[in-house]
There are 4 protein chains.
Amino acid sequence: MEKRNLKQQIITTAGNLFYTKGYNTTGINEIISKSNVAKATLYHHFKSKEAICIAYLEAKHSLFMASLTNSIASENSTKAKLLGIFEYLRSEFRKEDFGGCWAIKLLGEIPQNDKNIKPLIVRQKKELIVFLNQLVGDSVKNASKAEIEQLSNSIYLLYETAITESYLHKSDWPIFQSRSIAQKLIAEIDLK
Amino acid sequence: MEKRNLKQQIITTAGNLFYTKGYNTTGINEIISKSNVAKATLYHHFKSKEAICIAYLEAKHSLFMASLTNSIASENSTKAKLLGIFEYLRSEFRKEDFGGCWAIKLLGEIPQNDKNIKPLIVRQKKELIVFLNQLVGDSVKNASKAEIEQLSNSIYLLYETAITESYLHKSDWPIFQSRSIAQKLIAEIDLK
Amino acid sequence: MEKRNLKQQIITTAGNLFYTKGYNTTGINEIISKSNVAKATLYHHFKSKEAICIAYLEAKHSLFMASLTNSIASENSTKAKLLGIFEYLRSEFRKEDFGGCWAIKLLGEIPQNDKNIKPLIVRQKKELIVFLNQLVGDSVKNASKAEIEQLSNSIYLLYETAITESYLHKSDWPIFQSRSIAQKLIAEIDLK
Amino acid sequence: MEKRNLKQQIITTAGNLFYTKGYNTTGINEIISKSNVAKATLYHHFKSKEAICIAYLEAKHSLFMASLTNSIASENSTKAKLLGIFEYLRSEFRKEDFGGCWAIKLLGEIPQNDKNIKPLIVRQKKELIVFLNQLVGDSVKNASKAEIEQLSNSIYLLYETAITESYLHKSDWPIFQSRSIAQKLIAEIDLK
DNA sequence: GATGAATGAGAGTTCATTCAT
DNA sequence: TATGAATGAACTCTCATTCAT
């Protein structure tokens, strides 16, 4: 325990548990014992278990957006960048603790009428949609706004299905298949 | 209470709760009170909560496969049948209690190393994949086995993303977008 | 299931479970499943679990008294008969499922103020005491009633400690030691 | 409730119930209501009911060894000390809540293959055996190790039967009879 | 800033028994 | 005679959270 990153420590530990075991299945006691933090200390930093979950989601999303951006930065063309998303996913899939999309998984754990976590997830997914939309839009030659949106939305949907289904089937075929479909869609539009 | 459908009654009640509230969030007490059954009666029919969940998954899957099959039966061409899948999904989406894919949601609730529910879900998804593969394969003119598989797998992936994302965004655009992509892929292959 | 010894079948099965697992730890469901009898059938023959226990105790005691009597019958002298009791116990100890005294074990499972099982156990133990008293009394030459009683009571106490302690320590030294003490006491009195 | 002896409080309350009602017959709810402690508080201090039982056994054994030691300390000779054990037992027998040997009773409640409680009981009984062996050994004049062991083991067996049988028959005759036998055995050996 | 003791509510499961057939 | 469905009460244990220090 290095003293000052106690809060981060908790988020990391709890996050790993949420991701591998599930949110509801992970108890506060497990979090405190695994992160070597006293119970009252945990509640000093977070007002509730839900607050930890939200912090975890935010950290995970930031890291994801940064990693993704960084991962495709080296590609020269927009085409390559878009397909690079699926390469990035493949590298994630290969990691031992890969467990699909943290946000989609959480979605299954919370009531349909949840008011805190669900809206956050929606916001984050929309951020990804916007990111993709800008990526496509920045380099398009001759295409309407609608065409741009259709392509970026499609890639979003393909990314989403690829991550969930590769976890479900424990195989990377959904990633390859999604990438293949994306490739066809990209070919239709005129990119720089 | 019509006397002898107690077991079905429990599955239905529990299933609705699992679907709307989540599996872990739904307690046995809520199930028994909502289905007007004594706790010991429930455990007379099911050895555990997990057993109820499995029965629920099986019932849901059977019903889904039957509904889907029936829903696209009236279409004349295979093309129409394949696109009919997305029409079917739209009709589901419009229902008030639509909550996305029951199986994918459950996936988020159970530990990564679960030995009972997860394999069942995988089996059921594979059944859908096989169903789609046969649907395409039965009516193809000139296409290799690999081409057939690629199309049916693609439609599977698109269906999956459509159901999850339409629930997440509370909008049917993912269904339309997925349908649109499917249409393009179908057009590439020579179907009867 | 040969039809007619259903009641016996239940007593035997339940008895084995009571003896090896304990009375309270053994459930009605385990009894019915292991004895291949329907629940209602069991309750047709016995009004309660306690009734089964009482039947079991009676069966066990009868068998015990008969076995013991038979086992020492071949001995010529009373001295040999008395020591034969410990030989009998040794043969019981060697059996794989030996678990000490069924009655003493039951004593630990029931409340101090029990009104049905405890008195039965006391009665049965007193029967053993009387049996030993007669065995000694029948063949004594010169000894007062008090002397006879002291010897038979002593042998009873030594038998009791031998059975319980050999089970507890999983060793036959308590049987040998008890037998040795008994031998000394017997030597003091003038037997035929 | 004097604040900080909650753990002890639970052991005492539970112990009394285990002793008078039996281990399996005593429920956690009864323990918490009688000791005015919340259920979660109990489980904060003990990980399971079995853990309470083990704590109870250890406390009871410590107290017993100390009481016994103290009770016979005033006697001058080893002979008197050895016989003092039975005097000690008589004083226990006279107490209103006397219920025989806590350990032997527990032995009847747990499955033959128990891995936690049974070994503890065996260990404690062996401790008593060693205690008696040293008591005899320390003051013997002319006797082999084997003779010493036979005497101390015999006294152990007699003590054990005395406590169990006096409880069973609700009479102190087994104590007197055991003491009488012990006296004879002690007379045979040459003690200081 | 940091703690461990304490909690009310509820988790899932099993109990011995009864009832309608 | 024989049955399996149904039950209320009780079981052991865990939950996320708060409190006094």
Side-chain angles (χ1 to χ4, degrees), chain A residues 1 3-4 6-7 23-33 36-53, chain B residues 1 3-7 10 23-33 36-53, chain C residues 1 3-4 6-7 23-33 36-53, chain D residues 1 3-7 10 23-33 36-53:
Chain A
M1 299 309 92
K3 213 61 186 294
R4 196 47 341 92
L6 244 166
K7 193 163 180 173
Y23 173 64
N24 285 312
T25 311
T26 300
I28 289 285
N29 284 325
E30 197 172 358
I31 296 173
I32 63 158
S33 81
N36 277 82
V37 164
K39 193 172 282 192
T41 305
L42 182 146
Y43 275 95
H44 175 74
H45 288 291
F46 300 94
K47 76 177 237 288
S48 68
K49 187 186 174 187
E50 195 182 51
I52 303 175
C53 182
Chain B
M1 300 308 95
K3 217 52 185 299
R4 199 45 357 89
N5 296 83
L6 248 172
K7 192 165 180 170
I10 293 168
Y23 173 64
N24 286 311
T25 311
T26 300
I28 289 287
N29 286 324
E30 198 171 357
I31 297 173
I32 63 162
S33 78
N36 276 92
V37 164
K39 200 174 279 197
T41 305
L42 182 148
Y43 277 95
H44 176 72
H45 290 289
F46 301 94
K47 76 179 236 291
S48 65
K49 188 186 174 187
E50 193 184 54
I52 303 175
C53 182
Chain C
M1 299 313 95
K3 213 59 187 294
R4 195 49 342 96
L6 244 167
K7 192 163 180 174
Y23 173 64
N24 286 310
T25 311
T26 301
I28 288 286
N29 285 323
E30 198 172 358
I31 296 173
I32 63 159
S33 81
N36 277 83
V37 164
K39 194 172 282 192
T41 305
L42 183 146
Y43 276 94
H44 174 75
H45 289 292
F46 300 94
K47 77 176 238 288
S48 69
K49 187 185 176 188
E50 195 183 51
I52 302 174
C53 181
Chain D
M1 301 312 94
K3 219 45 184 300
R4 202 39 3 85
N5 295 84
L6 247 172
K7 192 164 181 174
I10 293 168
Y23 174 63
N24 287 310
T25 310
T26 300
I28 290 288
N29 286 324
E30 198 171 357
I31 296 174
I32 62 162
S33 78
N36 277 92
V37 164
K39 199 174 280 194
T41 305
L42 182 148
Y43 277 96
H44 176 72
H45 290 289
F46 301 93
K47 74 179 238 290
S48 65
K49 187 186 175 188
E50 193 183 53
I52 303 175
C53 182

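What you see is a predicted model; the values in this text were computed from it and never measured. Chain identifiers are assigned alphabetically (A, B, ...) following the order of the sequence lines, protein sequences preceding nucleic acid strands; residue numbering begins at 1 within each chain.
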Asker: Has H44(C) got a side-chain N or O lying under 4.0 Å from the OP1 or OP2 atom of dT1(F)?
Answerer: yes
Asker: Whole angstroms only, please: what is the CD1-C1' distance between I31(C) and dT17(E)?
Answerer: 13 Å
Asker: Does OP1 or OP2 of dG4(F) have a side-chain N or O of H45(B) closer than 4.0 Å?
Answerer: no
Asker: How does DNA chain E look in dot-bracket notation if pairs are Watson-Crick or G-U with both distances under 3.5 Å, crossing ones as [ ], other-strand ones as |?
Answerer: .||||||||||||||||||||
Asker: Can you give me the closest heavy-atom contact between H45(D) and I10(D), atom names plus distance?
Answerer: CD2-CD1, 4.5 Å
Asker: Is the phosphate of dT14(E), meaning OP1 or OP2, less than 4.0 Å from a side-chain N or O of Y43(B)?
Answerer: no
Asker: Where do Y23(C) and K49(C) come nearest, in terms of heavy atoms and distance?
Answerer: O-NZ, 2.9 Å
Asker: Determine the minimum heavy-atom distance between L42(B) and V37(B), stating which atoms define it.
Answerer: N-CG1, 3.8 Å
Asker: Measure from CD1 on I32(C) to P on dT18(E) and round the result to the nearest Å.
Answerer: 15 Å
Asker: Backbone N or O of I28(A) within a donor-acceptor pair of the K39(A) side chain at under 3.5 Å?
Answerer: no
Asker: Quick check: on DNA chain F, is the nucleotide nearest E50(D) upstream (toward 5') of the one nearest L42(B), or the reverse? Name the residue that is more 5'.
Answerer: L42(B)
Asker: Atom CZ of F46(D) and atom P of dT14(F): how far apart are they, to the nearest Å?
Answerer: 15 Å
Asker: Grab the CD1-P distance between I52(C) and dA16(E) for me, whole Å please.
Answerer: 10 Å
Asker: Which one of I32(D), N36(D), L6(D) satisfies the side chain to side chain contact (heavy atoms under 4.5 Å, CB included) criterion with T41(D)?
Answerer: L6(D)
Asker: Which value, rounded to the nearest 0.5 Å, describes the distance between T25(A) atom OG1 and N24(B) atom CG?
Answerer: 4.0 Å
Asker: Collect all protein-nucleotide pairs involving nucleotides 8-11 of chain F in which both atoms are nitrogen or oxygen and the distance is under 3.5 Å.
Answerer:
unit_1  : atom_1 : unit_2 : atom_2 : d
dC11(F) : OP2    : N29(D) : ND2    : 3.3

